Amino acid sequence: MIEEVRKQRAKEVEELRSHGINPYPYRFEKRHDTKAIRQAYDFLQPGQLLENEKIITAGRVMTIRLHGKSCFFTVRDFEGKIQAYIRQEEVLEQKYEIFKKYIAPGDFVGIIGFPFKSKTGELTIYVKEYQLLSKARRPLPEKWHGLKDKEVAYRRRYVDMIANDSTLERFKIRYQAISFIRDFLTKRGFVEVETPILNFIPGGGAAKPFVTKLEALDCEMYLRIAPELHLKRYIVGGFEKVFELGKNFRNEGISYKHSPEFTSIEVYQAYADYHDMMELTETLISSLVFHLYGSYKINYQGTELDFTPPWRRLKMREFIRDKLGVDILEDEERILERTLKDKGVELDTNTRARMIEKLWDLVEDQVIQPTFLMDHPVEISPLAKRHREDPRLTERFEPIIYGMELGNAFSELNDPEDQLERFKSQLKLRDAGDEEAHRMDFDFIRALEYGLPPTGGLGIGIDRLMMLLTDSPSIRDVIAFPLVTQSDDEDVTEGSAAE
RNA sequence: GGGCCGUUAGCUCAGCAGGUAGAGCACCUGACUCUUAAUCAGGGGGUCGCAGGUUCGAAUCCUGCACGGCCCA
């Protein structure tokens with residue numbers, strides 16, 4: 001069936017060429033987008049025509065309503081949809097016949113005409129001239145129900161975007177948000193920088209890396225799991241406010257909130273501590289929410305989330321003690337372990353660090369409203385500075401919203417001796433079987449020995465933030481081209497050499 | 001890795017006391033000069049995810065596999 005349509009379209013393309021019409025011309029001078037047209041002519045009364053105005057626009061034909069010698073059709077562009085009207089008596093008869101015969105839903109057209117409002121009050125472009133800009137060879141999904149199959153939506157996102165306005169809208173919001181974040185930080189004096197994605201030592205986080213090979217040096221390399229250590233080297237070098245927005249790669253499970261390839265933003269500010277980073281975080285995210293929705297409150301999966309600053313500050317030790325009755329600092333490991341066993345949690349490695357992480361996992365989903373989870377124990381925070389009041393803790397926080405860790409931030413550890421000790425402790429965890437434990441990075445120690453000023457650092461997971469901002473239940477919904485298994489492309493080659 | 005659900009026309013879905021596959025949209029032909037899920041008349045289109053099994057007979061029942069979704073680890 002799809003082959004039938006493709007052959008039919010191929011035939012039409014040949015016929016158009018024989019009429020001297022190029023079905024794939026080179027350019028069109030688009031002057032107005034649908035939003036601008038809507039804003040300019042919304043004032044028209046039903047039935048009113050503005051024959052002296054000239055509109056030049058272009059887009060994809062979505063639907064066609066043909067009535068013999070006249071035809072209504074809707075055109076969609078990035079800004080929206082607009083109706084157009086073409087009549088035999090207004091264009092050359094031959095051009096009308098060609099429109100009637102060859103223009104179909106899915107095709108791109110350029111149109112020149114004037115605005116009017118139909119009897120029913122819909123703003124419409126009265127077509128004086130049109131040009132086929134690209135002929136579609138495949139049928140569009142159903143015009144009423146759209147595309148619902150999630151597999152197809154993920155594999156062929158372009159079809160999802162064509163068929164479902166909400167999908168296009170979701171990605172517009174994503175890139176508006178990213179643009180806002182860049183502006184926000186730039187206005188505060190931060191410089192956008194870059195760091196290597198190919199690393200010899202994957203650092204800055206707890207994760208299994210992707211391994212790749214550098215042929216030129218015949219050695220293994222890793223895709224970065226976080227840009228953190230390089231960004232701090234910028235601060236050592238003399239930058240004072242930097243950020244990097246980009247992809248990280250973690251060779252771990254895939255779930256509704258985990259993607260092997262994800263986007264983060266990391267921000268570092270010299271002379272600041274984690275309190276400054278909390279202020280930055282809540283101001284950045286709440287003003288982003290306000291920028292997008294005109295309110296600090298949004299709905300996520302049926303729950304109202306209130307981003308109004310200041311956000312709740314919650315100490316990790318106290319919260320776990322309140323909820324589970326154990327003290328992650330003072331209780332013996334066998335007590336932590338028994339609490340976990342009672343809750344049915346199995347430990348992959350028997351370290352105190354892992355136990356603390358698992359205990360937190362048990363209560364994480366009880367934190368719904370935007371919250372800063374603070375002051376993590378030192379053994380699970382190898383890059384954070386010890387707490388000024390209790391050296392067993394660190395000056396660290398994670399913004400938690402709707403039970404999801406949205407990021408991670410610290411007063412950065414800048415004491416090279418302590419950092420070396422932390423790396424060594426991490427190596428012990430590694431020996432105990434923790435594959436995610438941090439690796440040794442002597443050059444980073446060397447950098448700290450040259451001197452890192454007091455620095456506040458912050459990382460935010462952009463994809464998870466976008467889930468919240470677009471009410472999306474899965475991280476795949478906010479990644480335009482999510483990871484899917486290899487596809488079957490049989491329908492492309494088969495019959496593509498249609499006569 | 002485990003559990004549940006799903007996979008039928010390009011799309012959205014019916015069909016499952018087992019009896020040789022349907023609708024709407026889309027597509028093709030024709031009619032129609034203010035429609036908007038346009039309308040009207042006619043037509044074409046399916047290895048029912050794949051492979052086995054049970055049966056005279058399987059889209060339907062059973063087993064395995066693949067792909068996907070959701071939940072759990």
Side-chain angles (χ1 to χ4, degrees), chain A residues 1-12 15 44-49 61-76 81-91 93 96-97 99-107 115-127 136-156 159-160 162-165 252-258 301 340-341 343-348 354 357-358 361-362 365 472-477 482-492 494-495 498:
Chain A
M1 166 56 203
I2 184 73
E3 289 318 313
E4 213 177 288
V5 175
R6 292 176 70 219
K7 278 184 186 171
Q8 172 69 24
R9 295 287 172 264
K11 195 182 104 193
E12 288 165 8
E15 289 175 13
L44 290 175
Q45 296 301 310
Q48 193 183 351
L49 288 75
V61 175
M62 298 304 286
T63 57
I64 291 181
R65 295 174 290 283
L66 181 67
H67 304 80
K69 294 187 175 62
S70 79
C71 179
F72 286 94
F73 57 104
T74 42
V75 171
R76 188 181 83 153
K81 288 178 182 160
I82 197 146
Q83 179 170 263
Y85 182 54
I86 184 166
R87 240 179 175 179
Q88 191 185 68
E89 67 191 36
E90 299 295 334
V91 296
E93 184 169 336
Y96 183 76
E97 288 305 315
F99 185 93
K100 203 168 136 181
K101 188 160 169 41
Y102 296 110
I103 303 298
D107 295 348
F116 80 105
K117 255 192 188 165
S118 69
K119 283 175 187 166
T120 51
E122 175 148 357
L123 181 61
T124 305
I125 302 167
Y126 207 121
V127 178
R137 308 290 193 112
R138 286 175 183 262
L140 258 31
E142 222 252 8
K143 64 184 171 192
W144 189 243
H145 298 94
L147 177 74
K148 288 191 171 169
D149 188 319
K150 283 196 172 181
E151 182 175 3
V152 178
Y154 293 150
R155 285 184 186 277
R156 307 184 190 169
V159 180
D160 186 24
I162 295 168
N164 298 316
D165 291 340
E252 295 168 353
I254 301 171
S255 81
Y256 75 96
K257 57 179 176 181
H258 294 92
Q301 303 295 296
L340 286 166
K341 283 239 169 76
K343 299 279 181 188
V345 179
E346 284 176 34
L347 288 163
D348 46 359
R354 181 65 98 237
E357 282 163 1
K358 292 287 180 186
D361 287 345
L362 285 174
D365 63 3
S472 299
S474 168
I475 198 166
R476 289 181 152 200
D477 297 325
L483 190 123
V484 286
T485 54
Q486 191 88 43
S487 73
D488 171 10
D489 288 327
E490 248 180 36
D491 75 313
V492 179
E494 209 172 82

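Just so you know, these numbers come straight off a predicted model, no measurement behind them.
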Using modelled atom types only, decide if a donor and an acceptor are shared between the side chain of A/D160 and the backbone of A/L147 within a distance under 3.5 Å.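 No, because the side chain of A/D160 does not come within donor-acceptor range (under 3.5 Å) of the backbone of A/L147.
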Backbone N/O of A/K257 and side chain of A/R476: donor-acceptor pair under 3.5 Å: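 Not at all, since once roles are kept as given, no pair shorter than 3.5 Å links the two residues.
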Nucleotide of [options] approaching [X] most closely (side-chain heavy atoms):
X: A/P105; options: B/rC28, B/rC27, B/rG68; result: B/rC27
X: A/K148; options: B/rU29, B/rC13, B/rA38; result: B/rC13
X: A/K101; options: B/rU12, B/rU29, B/rG10; result: B/rU29
X: A/L147; options: B/rC28, B/rC67, B/rC11; result: B/rC11
X: A/P139; options: B/rC34, B/rG10, B/rA38; result: B/rG10
X: A/R9; options: B/rG69, B/rC28, B/rA38; result: B/rC28

Taking the same atom, [atom1], in [N] and in [M], what whole-Å distance lies between them?
N: B/rA14; M: B/rG53; atom1: C1'; result: 28 Å
N: B/rG45; M: B/rA26; atom1: C1'; result: 11 Å
N: B/rA58; M: B/rG18; atom1: P; result: 13 Å
N: B/rG44; M: B/rG30; atom1: C1'; result: 15 Å
N: B/rC62; M: B/rG6; atom1: P; result: 11 Å
N: B/rA51; M: B/rU60; atom1: P; result: 13 Å
N: B/rA38; M: B/rA31; atom1: C1'; result: 14 Å
N: B/rA9; M: B/rC50; atom1: P; result: 11 Å

If you compare every side-chain N and O of [X] against the phosphate oxygens of [N] (OP1, OP2), does one of them come in below 4.0 Å?
X: A/R156; N: B/rC11; value: no
X: A/R65; N: B/rA38; value: yes
X: A/S70; N: B/rU35; value: no

Set of salt bridge (charged side-chain N to carboxylate O under 4.0 Å, His left out) partners for A/E151, sequence neighbours left out: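 Partners of A/E151 under the salt bridge (charged side-chain N to carboxylate O under 4.0 Å, His left out) test: A/R155.
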With sequence neighbours excluded, tell me which residues meet salt bridge (charged side-chain N to carboxylate O under 4.0 Å, His left out) with A/D149.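 Result, salt bridge (charged side-chain N to carboxylate O under 4.0 Å, His left out) vs A/D149: none returned.
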Pick the closest RNA chain B nucleotide for A/K100 and for A/T124 by heavy atoms, then say which residue is nearer the 5' end.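 By nearest-heavy-atom nucleotide position, the 5'-most residue is A/K100.
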How do A/V484 and A/K119 order along RNA chain B: which one's closest nucleotide is nearer the 5' end?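 On the 5' side of the pair lies A/K119.
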Under the rule for ring-ring contact (aromatic ring centres under 6.0 Å, His included), what residues qualify as partners of A/F72, not counting sequence neighbours?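 So A/F72 forms a ring-ring contact (aromatic ring centres under 6.0 Å, His included) with A/Y85.
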Partners meeting ring-ring contact (aromatic ring centres under 6.0 Å, His included) with A/Y96 (sequence neighbours left out):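 Not a single residue meets the ring-ring contact (aromatic ring centres under 6.0 Å, His included) criterion with A/Y96.
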Check side chain to side chain contact (heavy atoms under 4.5 Å, CB included) between A/A136 and all other residues, then give those that pass, not counting sequence neighbours.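 A/D107.
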Looking at every heavy atom in both A/G106 and A/L140, which two are closest together, and how far apart are they?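 For A/G106 and A/L140, the tightest heavy-atom pair comes out as N-CD2, 3.6 Å.
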For [X], what residues pass the side-chain hydrogen bond (donor to acceptor under 3.5 Å, both in side chains) criterion, not counting sequence neighbours?
X: A/D361; answer: none
X: A/K343; answer: none
X: A/Q83; answer: A/R65, A/T124

Short N-O contact, A/E4 and A/K7, less than 4.0 angstrom: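 Salt bridge: no.
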Could you go over nucleotides 22-25 of chain B and give all protein N or O partners under 3.5 Å, atom names and distances?
from   : atom 1 : to     : atom 2 : distance (Å)
B/rG24 : N2     : A/E142 : OE2    : 3.2
B/rC25 : O3'    : A/K143 : NZ     : 3.4

Tell me, which stems hold RNA chain B, with a stem being 3 or more Watson-Crick or G-U pairs in a row and both distances under 3.5 Å?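 Paired runs of 3+ in RNA chain B: B:1-7 with B:66-72, B:10-13 with B:22-25, B:27-31 with B:39-43, B:49-53 with B:61-65.
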Atom pairs, N/O to N/O, protein against nucleotides 70-72 of chain B, distance under 3.5 Å?
none

With distance as the sole criterion, do the side chain of A/E151 and the base of B/rU7 form a donor-acceptor contact below 3.5 Å?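 Check fails, no donor-acceptor contact within cut-off.
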Once hydrogens and angles are ignored, does a donor-acceptor distance under 3.5 Å link the base of B/rU35 to the side chain of A/E122?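 No pair found.
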Give me the distances for all protein-to-nucleotides 39-43 of chain B N/O pairs that come in under 3.5 Å?
none

Can you tell me how far apart CD1 (A/I64) and OG1 (A/T74) are? Round to the nearest 0.5 Å.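 Taking CD1 in A/I64 and OG1 in A/T74, the distance rounds to 8.5 Å.
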